[in-house]
Protein chains: 2
Amino acid sequence: MSHLLSRRDLDFLLHEWLEVEALCAHPHFAMHDRSTFDAVIDAAETLAVEAFADHAAMLDAHEPEFDGTRVHLIPEVKAALDRYIEGGFLGAAFPEADGGLQLPYTISQSVAALFSAANIGTAGYPFLTAAAANLLRVVGSPEQQARYMRPMIAGRFFGTMCLSEPQAGSSLGDIRTRAVPRDDGSHAIRGSKMWISGGEHDLAENIVHLVLARIDGAPAGTRGISLFVVPKFLVGDDGTLGARNGVRLAGLNHKMGYRGTVNTVLNFGEQDDCVGYLVGEPGKGLAGMFHMMNEARIGVGMGASVLGYSGYLHALAYARERPQGRPPGADPASPPVPIIRHTDVRRMLLAQKAYVEGGLALCLYCAALVDRREIAEDDGERDRLGLLLDILTPIAKAWPSEYGLEANKLAIQVLGGYGYTREYPVERLYRDNRLNPIHEGTNGIQAIDLLGRKVTMREGAALKVLLAEIAATTAEAAAIDDLQPHARALDDAVALVVDTTRRAAERAREPETYLANAGAYLDMLGHVVIAWVWLRQALLAARADPAGDGEAAFYAGKRQAARFFFRRELPRIRHWATLVADGEDTCLTMQENWF
Amino acid sequence: MSHLLSRRDLDFLLHEWLEVEALCAHPHFAMHDRSTFDAVIDAAETLAVEAFADHAAMLDAHEPEFDGTRVHLIPEVKAALDRYIEGGFLGAAFPEADGGLQLPYTISQSVAALFSAANIGTAGYPFLTAAAANLLRVVGSPEQQARYMRPMIAGRFFGTMCLSEPQAGSSLGDIRTRAVPRDDGSHAIRGSKMWISGGEHDLAENIVHLVLARIDGAPAGTRGISLFVVPKFLVGDDGTLGARNGVRLAGLNHKMGYRGTVNTVLNFGEQDDCVGYLVGEPGKGLAGMFHMMNEARIGVGMGASVLGYSGYLHALAYARERPQGRPPGADPASPPVPIIRHTDVRRMLLAQKAYVEGGLALCLYCAALVDRREIAEDDGERDRLGLLLDILTPIAKAWPSEYGLEANKLAIQVLGGYGYTREYPVERLYRDNRLNPIHEGTNGIQAIDLLGRKVTMREGAALKVLLAEIAATTAEAAAIDDLQPHARALDDAVALVVDTTRRAAERAREPETYLANAGAYLDMLGHVVIAWVWLRQALLAARADPAGDGEAAFYAGKRQAARFFFRRELPRIRHWATLVADGEDTCLTMQENWF
């Protein structure tokens, strides 16, 4: 057992629920079948254990250092990434024509899940590179794709996304980095970027920065933002590396966790000339970025889920082995029992299971939506899948980053004092996971995106599609005796969501009031969605015909975790719904000088 | 503003609520008055800022190191502790006859709160020393008090509490350290102790270990445990230090937080002879320890509250200064506003305020109970106060350690990416606070203590006393228009507690079933108690006659935080109550092989 995530669970989700092999019927994935999917995942798991998990603790203890000239990383990082690139994982989701493996996104996300669980710090570099390359695939010119994207997919160049600035994190409309047109059609970039992961290192021949900047004279706000390619070394027409470009490392940020991924402040054009090349049209920089946003946010949710997942497996292994105490009422002279026998320890384990398996299931479901939308041949179906993805994205980002972290907190608690030491991995996973509610749009921003845009868009079309999907599941579940109470509870929850959304909408004309309880709305809808994900899993488990005790136990575990979620988690939505429906205004009316 | 805790709030709690000056009417505290209390707290705050807060980050980054011979600490620790001892803080709560300041426990806890908020790592050493000295004060012989306790109060010797062993953390009945009687009346101690804070260092002339061990032939379980003094250096009759005793550092534990307090594994009598001196009667070791338990647990809750409090003040200062984004619907060309203007940021700040001020208030209230019980002249009143303290102790330990940590999590979120870096203190406070749900009895153990002992003891006498106190407050609050809804809500909550306790008691004959939802019971009663604490504060605020805008704003803040707690937190108890009342059994029935 690798302690990354349960392969049995992953196979259950991919094949028993999402039926990913069905994608292979489409010409785009026709070169694949179950065996190639399995082979890629097997190879990823082996590599994740051998070359990523092995140095996760060491990398955390020896974070990247800047000596004023170079960034130093422990050599295990490059060794791992060389094998990763050699294995083709960087190009997993890219078309064969671009040098990729052309795997479904669902499979490439499963692979990413394994590497994230093993060592998110090391995995961060190729993840960012793939994201940057993918952006060029969508909005770059053929010339930019050849010059930058192809070497990134091949792993020769790495990439970054340069959005935030010291004064503009969540508020991208306020970025100030300037782009001044030059005679040759390129731009001179000048400004400072903050929180740039992978901003400087020697892991690759070159670093391709994708930079948001404002062309002189552009309008204020988001409509004035353009996207530029800024390579660390200029790239000649023949692909050879030329002069060092004027993008310079100003310093490193020292984080609580996620330490392996170097996080930088970069200066552009401060001392020497910095050349950038416009990608796509002027003023469309954020639009291009947002094109990638759904996938980036699902990726954050996935990472958060599996950091929680790995912690859960460590806590589970510990609880099975650690003798301590006795059940209430037992003879004090009897031998101590493994702590998994204590109900409260089982509660903590079951909560972790419900959170992390639920989060993983939701994120993989979203990844499958990406694939299904990609190959949909019917416009209506493509639209429906897009709506579903739109409304689920803020939930897939925020919910696992909240509850994956909670799972990590519980894992520490199961290990007690040992869990609080760096001799065990659970505290590191907790520190790593604390980033996820912050980056790629804070969870507060996800809540505003959900209630302020996704719920209201096209007269509530996305919410209707989602609730119809949920209703389809409850209709199926109602036919199975054991699941009837869950089905009824979820039907009631859906009715509550509808009513709460209607009551909230009464305040829609005053945006500040309307959005005052956006967080509670996200809490509510997030729990309803995860309850649905659990009902779906319980339904599959109820229908399964398990071969042997191990399989029967697996399905029984799924059903018990569903029961846990329905009994102990779903009822919490009533409180959140009340806050939203009543327009609870304590935070809105709180005055600054009262603090 | 020091960012430790609000002095205005502390004064409000000490004087407007707890009326600590009234204690001075008793001969034991007759040498004090408000001015001496203020002088001690002023001095503590100054020293905490100057000599403790100054090196908190440095100590976290440079944790204690063991070179195989000595433990190395950065020199700032000893410098701070020398000033602390010189200021008399180590003996704050001890009788003047023993060299102390004979301050009420409420005042010495206020002082401790300031040092904890400033630097819990450095403060840990004298706190442990005072706790060990206090144990000797209660159960030691006059000779042991003279030989060990007095030098500890004077700060010449430091102390430790050696309870846990590698195989016995929560389950003290299973400790194996042996004590073999020797001819001179002393014992030879042999065994290994784990998680010993302050177990080895050069900060003091000597270290006095208070060690739980089992005298050969003693019965199994807790009744066979005795308490021993084991000095690092033997102490002669004239108080001079003699030979090195056979207690040796086996290694250090490397923690996620709380790094400044060295945490050790100690071996007793492994290579060389280790002498221990029996304290109190054989077999009464745990009873002696438990005598100190209420105060130790209140101390943990206090630490957890103020770690959260300091994080809150940092987040508040940041939120007032950091411009980012605009209110919903504002012109994008308008300048960004300080983030405190965003409702969701105010939600996070108000939640922190409600958690940390509520936690601090509860812990100070408990400290005041200790004082009031100490000087009570009427047996009935002493008993009543003791019952109140008994039932509140598990809550005062567990609730702040859960919600103080939650406050720290929110403080990071307010600072966003900056909060996730070690350049700001909020992530350190979060790491420090993660210990508190674990040590001094995990929160799971507190829950069992509450539902399994405190609620049932003497036919529910303690719960009755507590609920009567709450009812007295709601009766007062019902007379004030604004507070009527809160008073009604809390009356309903009390009725729910009574009903839930009765329903739970139906399962009392099957201890495992009865205790299966002890955690939910603690969640419920904890929130009811904190709601009461907030109603009490709102009541005082409503009655206050504020002088000037600043004072009016302070009281308005108290009332708004109370409103926050009543509207957004107290309603959560219904869910927990349902779990308990229904005997929700998902965790109880979960099978090990289903995980």
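The chains referred to below are lettered A, B, ... by the order of the sequence lines, with proteins before strands, and numbering in each begins at 1. All figures in this text were calculated on a predicted structure; none of them were measured in a lab.
Using a distance-only test at 3.5 Å, with no hydrogens or angles considered, a donor-acceptor pair links the side chain of A:Tyr420 to the main chain of B:Gly257. Between the side chain of B:Arg320 and the backbone N or O of A:Glu592 there is at least one donor-acceptor pair closer than 3.5 Å.
Of the listed residues (A:Gly173, A:Ala351, A:Pro437), the greatest number of heavy-atom pairs within a distance under 4.5 Å of chain B belongs to A:Pro437. Chain A forms the most heavy-atom pairs under 4.5 Å with one residue out of B:Leu349, B:Thr578, B:Ile339, and that residue is B:Leu349. In terms of heavy-atom pairs under 4.5 Å with chain A, the best-connected choice from B:Gln324, B:Glu427, B:Arg422 is B:Arg422. Chain A forms more heavy-atom pairs under 4.5 Å with one residue of B:Arg431, B:Gln413, B:Arg559, B:His342 than with any other, namely B:Gln413. Each of B:Glu423, B:Arg347, B:Met194 has some count of heavy-atom pairs under 4.5 Å with chain A, and the biggest count is that of B:Glu423. Taking B:Gln591, B:Glu63, B:Lys353 one by one and counting their heavy-atom pairs under 4.5 Å with chain A, the maximum is reached by B:Glu63. Counting heavy-atom pairs closer than 4.5 Å to chain B, the top-ranked of the candidates A:Arg574, A:Glu512, A:Arg568, A:Arg572 is A:Arg568. Interface check for chain A: of the options B:Ile340, B:Asp344, B:Asn263, the most heavy-atom pairs under 4.5 Å are formed by B:Ile340.
The nearest pair of heavy atoms linking B:Gly417 to A:Ile438 is N-CG2, 3.6 Å. For the pair B:Arg567 and A:His575, the tightest heavy-atom approach, listed with the atom from each and the gap, is O-CE1, 3.6 Å. Nearest heavy atoms, A:Met256 versus B:Tyr430: SD-CD2, 3.9 Å. Nearest heavy atom pair, residue B:Pro511 against residue A:Pro328, reads CB-CB, 3.6 Å. Here the closest non-hydrogen pair linking B:Phe564 and A:Cys587 is CE1-SG, 3.9 Å. The two residues A:Gly169 and B:Arg322 have their closest heavy-atom pair at N-NH2, 4.2 Å.
Of the candidates A:Thr589, A:Leu588, A:Asn517, A:Thr586, A:Leu588 is the only one forming a side chain to side chain contact (heavy atoms under 4.5 Å, CB included) with B:Thr343.
A:Met348 contributes atom CE, which lies 9.5 Å from atom CG of B:Asn443 (distance to the nearest 0.5 angstrom).
Salt bridge present: B:Glu402 and A:Lys409 bring a charged side-chain N and a carboxylate O closer than 4.0 Å.
Neither the backbone nor the side chain of B:Tyr555 comes within less than 4.5 Å of any heavy atom of chain A. Contact of B:Tyr514 with chain A is not made at all, since no heavy-atom distance falls under 4.5 Å. Residue contact with chain B, scored on non-hydrogen atoms closer than 4.5 Å, involves the backbone and the side chain of A:Asp585 alike.
Put simply, the side chain of A:Trp594 does not reach to within 4.5 Å of the side chain of B:Leu350, judged on heavy atoms.
Partners of A:Lys255 by side chain to side chain donor-acceptor pair (under 3.5 Å), not counting sequence neighbours: none found.
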